[in-house]
Amino acid sequence: MRTFPHPDAGRPRLSSPARFLLWMWRQQAGISAGGMTFGVLWMGSAAAMPLALGKALDEGLARHSPKALASWVAVLLVAGLVQAATGIMRHRFAVSSWLSAAYRVEQLVVEQAARLGAVLPRRISTGEVVAVTASDMEHIGDAYEVSNRTAGAVLTFFGVATLMVVTTPILGIVVVIGTPILMLIVGPMMRLLERRQAEQRKLFGDTATIASDTVAGLRVLRGIGGETLVVRNFREASQRVRYAGVRVAKVASTMEATQILLPGLFAVLIAWLGARLAVTHQITAGQLVSSYAYAAFLVLPLRTFAEMAEVLTKANVAAKRIVAVLRLERDIVSPGVPVPLPEPATATLTDAVSGAEFKPGLFTAVVCERRADADTLAERLARYVDADVRFGGVRLDELALEDVRATILLADPHPHMFSGPLAEELDPTDQADRSRILAAISAADAGDVVSGLADGLDTEVVEQGRFFSGGQRQRLVLARSLVADPAVLIMLEPTSAVDAHTEHRIAQRLAGARSGRTTVVFSTSPLIAGAADEVVFLPAGGVGADAGDHHALMRQNIAYQTVVTRGSS
C-alpha cells in the first residue's frame with residue numbers, strides 16, 4: 001500500500017488557496033479521518049476525567065459509598081488508559097498526516113516542474129521553486145497535523161461547555177461567551193501575521209534565487225573576480241530576510257504569549273467563579289473540584305484553537321505560493337487531432353523564417369553571425385516556440401508534442417548533472433547497454449575522464465558535476481546526448497569549453513557516431529564546420545540562410561569567413 005499517492009490521481013482546483021487546501025484534505029481523507037477520530041477520543045477521555053473525579057467525591061466520599069467510589073475510580077482508570085492508547089494512535093496519525101500532506105505538495109511541484117520543462121525557468125525563479133519545496137510544504141503539513149487535534153478540541157470544548165451549562169449554568173455561560181471574545185482578540189494579530197509572513201516569504205524566495213544563481217555560476221564569478229560583489233548582494237538580501245523574520249517573530253511571539261495568557265486568565269476566572277459558588281453552597285465539593293479540573297482542561301482546547309489559527313495563517317500564505325506554481329501552463333501543447341509523424345529517416349527539417357533546410361541523415365553545422373539568432377532558431381527547430389517549421393512537409397505544431405520530443409532532441413546549452421552513478425547520469429532512461437554508453441563516451445572524447453575516475457562508470461557524481469572541469473563536464477553531457485540517440489539531434493556550442501585538439505577529435509568522431517541520422521550543431525568553430533556534411537550560415541537578423549560546403553563558403557561569403565576566423569582572416 002502506497003503511503004503517498006501519486007498526484008496524477010487528480011489535479012487540484014486552483015481557483016483559490018482555500019480550494020487547494022480542501023483538495024489536499026480530500027486526497028488524504030482516510031488519514032485525516034483516522035487522526036480526527038483518535039483526536040476526539042483522546043481529548044474526550046481527558047474531558048471525562050474531571051467529571052469522574054467530581055462524581056467520586058460527591059457520590060463516593062461524601063456519601064460514604066465504597067461501591068460508588070470504586071465505580072468512579074474505575075471510570076478514571078479506564079479514561080486514563082483510553083487517553084494513553086488513543087494518544088499514541090493520534091500522534092501516529094498526526095505524523096502520517098503531516099508527511100502525506102507535505103510530500104504530496106512536493107510531488108505536485110516536482111511533477112509540475114517536469115511537465116513544464118524549459119517553460120518553468122522562464123516563468124518563475126529557481127529560488128521560488130526551492131522555497132516552495134523547502135518551507136511551504138512544511139506549513140501545509142503543519143495545517144493537517146494540527147487539524148487532527150482541532151477536531152477533538154472543538155467537540156470536547158462544546159461537550160464540556162454543555163455539561164457545565166447543565167450542572168453549573170453560570171460557569172457554562174461564561175465559557176460559551178468568553179471563548180468567542182478570546183478569538184476576537186487574537187483575530188487582528190492573525191491578519192498582521194499573514195501580511196508579514198507573505199513579505200518574508202517573498203524575500204526568502206528572492207534570496208534563494210540569488211544563492212542558486214551564485215552556485216551555478218561560481219566558476220565564472222571566480223574567473224572574473226566577482227566574489228566580493230556577489231557576497232555583498234547576498235549579504236544585503238539575507239539581511240532583508242532577517243529583518244522581515246524579526247518582524248514576523250514579534251507578531252508570532254505576541255500571539256504565542258497571548259495563547260498562554262488569555263486561556264490561563266480564562267481558566268483562573270472559571271476557577272474563581274467556581275470557588276465563589278462553592279462558598280455559597282450553590283455547587284457541591286465534587287462540582288467545585290470538577291470546575292477546577294475543567295478550568296485547567298479548557299486551556300488545552302483553547303490553545304489548540306489559537307495554534308490552529310496561527311498555522312492556518314501560515315498555510316494560507318504557503319498555499320498562495322504553491323497555487324501560483326501549479327497554475328503555470330505550458331506555452332506549447334499538442335494539437336487536438338495530431339498528424340501522424342513522418343518517417344524521420346527521410347524527413348527534411350525546414351525553417352520558414354530563416355529559410356534554412358536540414359537534410360535527413362546529414363551532419364549539418366549552423367554558423368550564426370549573432371548568438372541570439374542561434375538560440376532562437378534552435379528553439380524553433382525543436383518546437384520550444386511555435387513557428388512555421390516543417391518536418392517532412394508537416395508543421396511541427398500539427399504533430400503530437402510527445403512525438404516531437406521523442407524524435408527531436410535539443411541538447412540544453414546549460415545542461416544539468418544530477419547526483420548518482422555516472423552510468424545513470426549518461427543513460428537516465430536505462431535503455432542503453434554498457435557498450436553503447438562506452439561508444440558515446442569515445443565519440444565525445446571523454447574516455448580519459450571516465451578512466452580517471454576511481455570506479456569508472458559506477459563513480460558517484462555529485463550534484464551539477466562540480467568535481468569535473470568545464471571541459472570534462474561538457475564532454476560528458478555530449479556523451480549523454482549521443483546515448484539518447486534521437487532521430488534528430490540539435491546541439492548548441494557543444495565544444496565551447498574544450499581545446500582545439502579535443503574539438504578536432506570530437507568533430508571527426510561525431511560525424512561517424514551520428515552516421516545516417518540528422519545532426520544539427522550550432523557552432524562558430526571552423527573545426528566543426530570543416531567536419532560537417534553541410535554548413536548553413538545565418539547572417540545577423542536570422543533571415544536569408546546561405547548553405548554550402550565550408551570551404552566554398554569561406555571563399556564566397558565574407559561575413560561567414562569573418563565569423564569562423566574571428567575576424568583574423
Side-chain angles (χ1 to χ4, degrees), residues 3-4 7 12 16-40 42-43 87 89-109 130-154 183 186-187 189-202 204-205 208 244-245 248-249 251-260 263 300-326:
T3 306
F4 311 118
S16 69
R19 287 186 178 273
F20 170 75
L21 293 173
L22 180 60
W23 178 87
M24 287 284 294
W25 189 89
R26 288 173 179 167
Q27 298 307 300
Q28 57 184 63
I31 297 176
S32 297
M36 289 179 178
T37 300
F38 284 108
V40 170
W42 173 69
M43 201 164 284
M89 295 305 299
R90 180 201 63 80
H91 180 70
R92 290 177 64 88
F93 271 90
V95 173
S96 297
S97 185
W98 189 96
L99 291 172
S100 180
Y103 287 105
R104 181 172 281 106
V105 169
E106 187 171 31
Q107 283 182 324
L108 283 169
V109 174
V130 171
V132 167
T133 55
S135 63
D136 291 340
M137 58 175 276
E138 295 185 3
H139 296 319
I140 298 297
D142 291 340
Y144 291 98
E145 184 273 328
V146 176
S147 65
N148 296 343
R149 289 183 282 123
T150 304
V154 170
M183 294 296 101
V186 177
M189 286 188 287
M190 289 172 52
R191 290 190 289 272
L192 179 60
L193 180 65
E194 181 176 0
R195 289 198 300 271
R196 292 190 177 182
Q197 283 179 335
E199 177 187 356
Q200 184 201 24
R201 173 63 181 73
K202 180 181 182 302
F204 179 77
V248 170
V251 181
S253 60
T254 302
M255 283 190 65
E256 185 70 23
T258 304
Q259 292 171 17
I260 299 174
L300 180 59
L302 288 175
R303 287 202 62 187
T304 303
F305 295 156
E307 183 183 359
M308 185 65 182
E310 181 181 357
V311 168
L312 279 180
T313 300
K314 295 179 180 179
N316 187 55
V317 174
K320 289 179 181 178
R321 298 290 182 174
I322 294 168
V323 167
V325 174
L326 298 181

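Quick note: residue numbers are just sequence positions, from 1.
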Handout entry: salt bridge (charged side-chain N to carboxylate O under 4.0 Å, His left out) against Arg90, all qualifying residues, sequence neighbours excluded
Key = none
Handout entry: With Trp23, the side chain to side chain contact (heavy atoms under 4.5 Å, CB included) member among Gln27, Arg19, Arg26
Key = Gln27
Exercise for the section: Work out which heavy atom in Ala318 is nearest to a heavy atom in His139; give both atom names and the distance. Expected result: CB-CB, 4.0 Å
Exercise for the section: Taking all non-hydrogen atoms of both residues into account, name the closest pair between Asn148 and Ser97 and its distance. Expected result: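 Reported closest heavy-atom pair: ND2-CB, 3.8 Å.
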Practice task
For Ile322 and Leu108, run side chain to side chain contact (heavy atoms under 4.5 Å, CB included): C-alpha distance rounded to whole Å, both residues' side-chain angles, the deciding distance at 0.1 Å, then the answer.
Solution key: CA-CA 9 Å; Ile322 294 168; Leu108 283 169; 5.8 Å; no
Exercise for the section: Determine yes or no for a side-chain-to-main-chain donor-acceptor pair under 3.5 angstrom, with Glu106 supplying the side chain and Met137 the backbone. Expected result: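 No; zero donor-acceptor contacts below 3.5 Å.
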Exercise for the section: Would you check if the side chain of Ser100 reaches a backbone N or O of Ser96 as a donor-acceptor pair within less than 3.5 Å? Expected result: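 Checked: no pair found.
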Handout entry: Phe93: partners by ring-ring contact (aromatic ring centres under 6.0 Å, His included), with sequence neighbours left out
Key =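 Per chain and number, Phe93 pairs via ring-ring contact (aromatic ring centres under 6.0 Å, His included) with Phe38.
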Exercise for the section: Nearest 0.5 Å please: distance from the CZ atom of Arg149 over to the CH2 atom of Trp42. Expected result: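 Arg149 atom CZ to Trp42 atom CH2 measures 7.0 Å (nearest 0.5 Å).
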Exercise for the section: Output the distance between atom CD (Glu145) and atom CD1 (Ile31), rounded to the nearest 0.5 Å. Expected result: 13.0 Å
Handout entry: side-chain contact (heavy atoms from CB on, under 4.5 Å) involving Ser147 - partner list, sequence neighbours excluded
Key = Met36, Tyr144, Met308
Practice task
Go through the structure and list residues passing side-chain contact (heavy atoms from CB on, under 4.5 Å) with Ala315, not counting sequence neighbours.
Solution key: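 Ala315 satisfies side-chain contact (heavy atoms from CB on, under 4.5 Å) with Ile140, Ala143 once adjacent residues are dropped.
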Problem - Listed partners of Thr304 passing side-chain hydrogen bond (donor to acceptor under 3.5 Å, both in side chains), at least two apart - result: none
Problem - Residues forming a side-chain hydrogen bond (donor to acceptor under 3.5 Å, both in side chains) with Trp98, sequence neighbours excluded - result: Asp142
